[in-house]
2 protein chains.
Amino acid sequence: MGEGVEWALHCCVDLALGGAGRAVPAARLAAYHDLPPVYFNKQLQALARAGIVVSVPGPRGGFRLARPPEQITFMDVVVAIEGPDPAFRCAEIRRRGPGAGDPAADPGPCLIDEAMRGAELAWRSALAARTVADIAGAVRERAPDVPERIRGWLAASRT
Amino acid sequence: MGEGVEWALHCCVDLALGGAGRAVPAARLAAYHDLPPVYFNKQLQALARAGIVVSVPGPRGGFRLARPPEQITFMDVVVAIEGPDPAFRCAEIRRRGPGAGDPAADPGPCLIDEAMRGAELAWRSALAARTVADIAGAVRERAPDVPERIRGWLAASRT
DNA sequence: GCACATTTACTCGGATACTATATGTCCGAGTTCAAACGG
DNA sequence: CCGTTTGAACTCGGACATATAGTATCCGAGTAAATGTGC
């Protein structure tokens, strides 16, 4: 799994805690965690295409969350960065070579594929059950001073 | 996820249904599903290193299951092929750049990492709950003639 | 003093190189079997 | 006829190229704001 997923998740939490509805430039978000600025911009574009953040061009522009953090699940972010395809892709190798039975007969669903899809469904369900707001809330409870610090740093004048 | 996982899973099921305790050459197993013979041999070596199959050198050699199919889970096979590392790897980017708080203070576990690990645990649990014997049993029930066909083809003389 | 046109600076956005992983291939070490040889 | 020796064929095993996807970077299009100008 690409590391852009971790970047995007932290970014969404940062915006939820310190964004305050204002647009924050990609470069500033990247600098906050010392990430490669231009490449991180690419990940943000993926989030924008998925409708998780909205991009604002021009001066005072940047990115802000497109909807309340309660409505942004981990699953949404992972799909936006990694793509919608499942990790396991059944190539139907049972239909190839001497192992293939009668091509006209219906062999029914591939049991191996079913098992792998079931496991992946469990993974996706667990991701869909966690939202950005969950993390933000836990951070507020654990360290109440952190949100204000993020807010101030993200809004600071550009150097 | 690499496609070798699918190959290895089908291979284990084939051995469970038609291996009959005898060693089957890698080339024969590969030909059964029209797979690249030498590269597939590589995947079998990974299964052998993981203790899922045992390799027998020399003429009449090949691979056979190392233990009963009931004791071979999907999780075992996936770990053998893909490696034991989790898909999501937390790089602790929160500790880098201006976002990092006091380096001496303990920030507690990364909540994002915890959520991702929880989801991956659900995935692994689902995979660990399915065994090669489950698939083999379902195939026997659905198409009782298939096991004998596999058995005969795998044991056929080399051409 | 106010409205407007112009310039400027700043932002995102897609097109372009580079690197790591996964895929595919090759040849050598080891082992078993079979056949030939000698007793 | 039987035991031993020798050879050969077949197997796995790790080392060596290639293709694909992820990583990183650059420069151009667009926009809002600030500035300067005219009324």
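Convention: sequence-line order gives letters A, B, ...; per-chain numbering from 1. Since the structure is predicted, the reported quantities are computational estimates derived from the model, not experimental observations.
- For the pair Gln43(B) CD and dC12(D) P, the computed distance is 14 Å after rounding to whole Å.
- Counting to the nearest Å, the C1' atom of dG14(D) and the CG atom of Leu44(B) are 15 Å from each other.
- With dA24(D), dC12(C), dC12(D) as the choices, the nucleotide that has an atom nearest any side-chain atom of Pro25(A) turns out to be dC12(C).
- Between Ile81(B) atom CD1 and dT23(C) atom C1' the separation is 13 Å, expressed in whole Å.
- The nearest whole Å value for the distance from the NZ atom in Lys42(A) to the C1' atom in dC12(C) is 13 Å.
- Here Ser55(A) reaches the OP1 or OP2 of dG13(C): one of its side-chain N or O atoms lies under 4.0 Å away.
- The interatomic distance linking Leu35(A) (CG) with dA24(D) (P) rounds to 10 Å, in whole Å.
- Considering only side-chain N and O atoms, Tyr39(A) lies under 4.0 angstrom from the phosphate OP1 or OP2 of dT23(D).
- Listed pair Gln45(B) / dC12(D) fails the phosphate criterion, with no side-chain N or O lying under 4.0 Å from OP1 or OP2.
- Judged purely by atom type and a 3.5 angstrom limit, Arg149(B) has no side-chain atom pairing as donor or acceptor with the backbone of Gly18(B).
- Between Phe40(A) atom CZ and dG22(D) atom C1' the separation is 17 Å, expressed in whole Å.
- Note that Arg124(B) lies outside the cation-pi zone of Trp123(A), set by a 6.0 Å cut-off to the ring centre and a 45° limit from the axis.
- Salt-bridge formation is not detected for the pair Asp14(B)/Arg151(B): no Lys NZ or Arg NE/NH1/NH2 atom is positioned less than 4.0 Å from an Asp or Glu carboxylate oxygen.
- Among the protein residues, Gly4(A) comes within range of no part of the nucleic acid, since none of its heavy atoms lies under 4.0 Å from any strand.
- Ring planes of Tyr39(B) and Trp7(B): perpendicular class, angle over 60° (limits at 30 and 60°).
- Minimum atom distance to the side chain of Ala26(B) is reached by dC12(D), of the listed dA24(D), dC12(D), dA9(C).
- Nucleotide dT21(C) holds its C1' atom 14 Å from the CD atom of Glu3(A), rounded to whole Å.
- Of all nucleotides listed (dT25(D), dA33(D), dC12(D)), dT25(D) comes nearest to the side chain of Val38(A).
- Distance CG (Asn41(B)) to P (dG24(C)): 14 Å, rounded to an integer number of Å.
- In terms of phosphate contacts, Arg49(A) brings a side-chain nitrogen or oxygen within less than 4.0 Å of OP1 or OP2 of dG14(C).
- For the residue pair Phe74(B) and Thr131(B), the shortest heavy atom distance occurs at CE1-O, 3.9 Å.
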